[in-house]
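Single-structure report; data block below.
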There are 2 protein chains.
Amino acid sequence: MTDTDAKKLGVRPTKVRTLADLAKIAGVSPGTVSRALAGNSLVNAKTREKIEAIAREHGFRPNQMASKLRRQKTGVIGVAIPLGHDVRQQISDTFFMTLLGHLADELTEKGYDLMLRRVIPAQNEDWLDQFIGSGMVDGVIVIGQSDQFERIEEVADGYLPMVVWGNHQEGQRHCVVGSDNRLGGKLAAERLIASGAKSLAFLGDTQPIEFAARYAGAKEVAAKMGVPILALPTHLSPERTGEEIAEHLREIKGKVDGIFAATDTIAVTCLKELRERGIDVPRELKVVGFDDLPISSQTAPPLTTVRQDIAAGAKGLVDLLLRRLEGEDTESLVLPPHLIVRETA
Amino acid sequence: MTDTDAKKLGVRPTKVRTLADLAKIAGVSPGTVSRALAGNSLVNAKTREKIEAIAREHGFRPNQMASKLRRQKTGVIGVAIPLGHDVRQQISDTFFMTLLGHLADELTEKGYDLMLRRVIPAQNEDWLDQFIGSGMVDGVIVIGQSDQFERIEEVADGYLPMVVWGNHQEGQRHCVVGSDNRLGGKLAAERLIASGAKSLAFLGDTQPIEFAARYAGAKEVAAKMGVPILALPTHLSPERTGEEIAEHLREIKGKVDGIFAATDTIAVTCLKELRERGIDVPRELKVVGFDDLPISSQTAPPLTTVRQDIAAGAKGLVDLLLRRLEGEDTESLVLPPHLIVRETA
DNA sequence: TGCCTGATTGCAATCGTTTGCATTTTTGCA
DNA sequence: TGCAAAAATGCAAACGATTGCAATCAGGCA
């Protein structure tokens with residue numbers, strides 16, 4: 001009974017798990033099978049067809065581990081999401097998740113697989129070296145610098161194929177892709193002031209450098225225009241945000257008429273709290289967010305915000321990483337944010 | 001000059017990449033190093049310490065590919081997101097992304113890595129076999145059945161370690177975790193009718209079986225209560241949804257007073273369109289969504305919806321998969337959805 | 001000191017593919 | 001038909017860690 005017969009009869013054909021098994025059936029050497037399946041080599045067309053037919057019939061697929069070991073490359077890009085401050089936040093953060101989705105798209109297109117790892121630096125100092133040194137990935141993309149700026153810098157000195165989503169600091173050594181947060185902050189503050197705000201507040205945690213830069217930009221503009229601005233630490237864990245914001249609103253009631261939220265997520269929550277308090281937006285209080293998430297156009301009223309181009313960011317991350325895999329020491333890429341004027345300011 | 005001296009001088013210590021390198025330095029055999037680093041074996045305490053010290057000093061980490069090849073397991077779970085209908089949709093879909101985040105958490109906790117692969121079945125019929133047969137993953141989680149029910153069934157017959165997020169059909173062969181979509185649909189319709197709706201519409205694509213089940217549930221209740229219900233195909237790609245919904249609303253104007261949206265994303269867009277048209281929710285038109293995404297509590301008015309417990313789903317997926325990795329042939333897990341009454345119905 | 005036992009360690013095969021080089025087969029041409 | 005060149009294939013050595021089994025070592029006891 002041939003294997004083809006076996007298949008017709010619904011019997012599982014002889015198990016062929018390795019190149020050698022297949023080679024035996026085809027009556028050739030494993031090397032030839034390897035070449036035939038790789039496609040590119042100089043194997044006789046008829047031989048190749050025969051081998052491919054057998055491979056198809058048996059659903060054979062070469063063992064990747066062995067292949068990777070031999071070729072010393074994995075075809076996998078690691079994506080690390082460090083959860084520094086606000087542990088529960090980022091992994092469910094819409095912005096990061098959307099970025100991740102686009103990364104998956106881009107990498108797949110370039111023929112790479114994506115290995116996702118969520119890390120809690122506080123629990124494991126060695127997270128980045130471990131990921132890199134694991135030998136499981138050809139390169140690494142880090143989503144968000146969190147509070148790990150220094151560690152990333154250290155690693156960057158000895159490891160080329162790494163690109164980070166985050167904020168660009170003057171003179172930093174690691175390659176980063178991200179929006180010009182400071183400029184974004186300026187745009188937000190300018191808009192708030194232009195639409196009549198006389199006293200601003202920044203709603204967000206100023207620890208992460210991305211947010212710090214947004215605040216700094218807003219502060220710069222505020223100072224120039226002679227408008228006061230105060231920072232109100234607000235965290236991103238879904239459980240706490242609402243309450244924190246409520247508290248802040250109570251505190252600033254009547255004293256502040258322009259709010260710059262560090263992220264749209266915060267802005268949206270803020271809008272809701274304001275609505276519940278019957279505070280009219282934008283008449284009594286103006287609000288500008290940051291990110292331009294899909295929801296931001298759906299709020300009532302629709303949110304004025306600073307857009308980060310997530311798709312472009314993902315594309316940039318992947319492009320730079322691939323160039324680094326080729327050995328090039330790429331520069332950082334800073335994307336310009338855009339003010340999207342809707343109805344809250 | 002010893003390596004320690006070299007380090008003190010800021011010189012990079014001798015490169016040690018393999019167990020053999022390290023073994024030479026330590027003056028033992030590679031086997032011993034392997035055992036020492038694995039920790040569990042019976043190696044002399046002093047030897048182990050010495051080896052660990054050297055490993056630390058050189059930042060040595062065993063090559064995973066070799067290890068995996070030898071041990072015939074990868075420690076990696078593949079997560080596939082098939083993008084059947086609506087290609088651009090799911091990867092950026094909040095629900096799936098949130099589920100993915102929770103999966104990452106769960107898997108990390110259990111010591112597995114997560115390999116993400118977005119697949120377009122229409123472009124590559126062989127997606128699932130390819131993923132499984134790649135030898136890169138110990139097991140597979142499929143997020144969403146999309147239009148691939150049959151293919152998944154076929155694969156399930158010969159491959160145990162696979163669990164799927166999706167809908168449970170009577171008598172199906174693959175192990176699935178998911179909400180009871182039919183029940184969810186019932187809850188939604190009951191609520192709409194209870195709050196006074198006299199004529200219903202279902203906003204969503206009825207191709208995917210999850211959505212079909214939601215619609216079926218609603219239809220059953222509607223029939224029982226003698227209320228008409230019609231399905232209005234609505235896709236999920238962000239670009240098209242808004243327009244499609246607008247068109248539907250024009251069409252049903254005055255004829256329908258209760259909308260059951262297949263997902264919260266659709267519901268939120270719908271609310272926005274209604275707001276723009278000045279239609280009062282819930283007075284003139286009632287709306288119920290599905291998922292209970294974080295945004296759903298932030299809309300104006302807050303959305304009444306059917307909650308799926310995403311965290312529980314992720315936990316279920318991972319638990320079942322791990323049991324399957326042990327050889328157990330687990331049953332499917334159907335989670336009960338819960339009606340969350342807010343203000344739109 | 002000599003022998004036995006148990007604790008350590010070393011040896012070498014193995015996981016399955018890839019690939020440089022050697023060998024065989026085919027082809028083209030005189 | 002014969003021979004060189006080209007094409008196709010086979011051989012065997014990697015890739016680097018793991019692990020069963022054998023060998024060695026140390027300690028205990030007579």
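Chain letters run A, B, ... following the sequence lines, proteins first, then strands; residues in each count from 1. Just the heavy atoms: all of them, side chains too, but no hydrogens, waters or symmetry mates, feed the values below. Computed from a predicted model, the values in this text were never measured in an experiment.
Judged as a side chain to side chain contact (heavy atoms under 4.5 Å, CB included), and not counting sequence neighbours, the contacts of B/Glu125 are B/Arg151. Residues forming a ring-ring contact (aromatic ring centres under 6.0 Å, His included) with A/Tyr112 (at least two apart in sequence, or on another chain): none. Residues passing the side chain to side chain contact (heavy atoms under 4.5 Å, CB included) test with A/Thr74 are A/Lys68, A/Val76, A/Asp138, B/Met65, sequence neighbours excluded. Under the side chain to side chain contact (heavy atoms under 4.5 Å, CB included) criterion, A/Asp126 pairs with A/Asn124, A/Asp129, A/Gln130, B/Arg61, not counting sequence neighbours.
The bend of the helix from C/dT1-D/dA30 to C/dA30-D/dT1, defined by the angle between the axes of its first five and last five pairs, stands at 40° to the nearest 10°.
The CG atom of A/Leu42 sits 15 Å away from the C1' atom of C/dT23 (whole-angstrom rounding). Going from atom CD of A/Glu49 over to atom P of D/dA8 covers 13 Å, rounded to whole Å. When the C1' atom of D/dA7 is taken as reference, atom CZ of A/Arg48 falls 13 Å away, rounded to whole Å.
Side-chain contact check for A/Trp165 and A/Gln145: no donor-acceptor pair (N or O, by modelled atom type) lies under 3.5 Å. Remark: the A/Thr330 side chain and the A/Arg323 side chain contain no N/O donor-acceptor pair separated by less than 3.5 Å.
Across all strands shown, B/Val33 has no heavy atoms under 4.0 Å from either base or sugar-phosphate atoms.
When atom types are taken as modelled, the side chain of A/Lys110 and the backbone of A/Val318 share no donor-acceptor pair closer than 3.5 angstrom.
Of all heavy-atom pairs spanning A/Leu325 and A/Pro161, the tightest one is CD2-CB, 3.6 Å.
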So if I define the base as every atom that isn't primed, P, OP1 or OP2, how would nucleotides 15-27 of chain D read as a B/S/- string at a heavy-atom cutoff under 4.0 Å?
BBBBBB-------

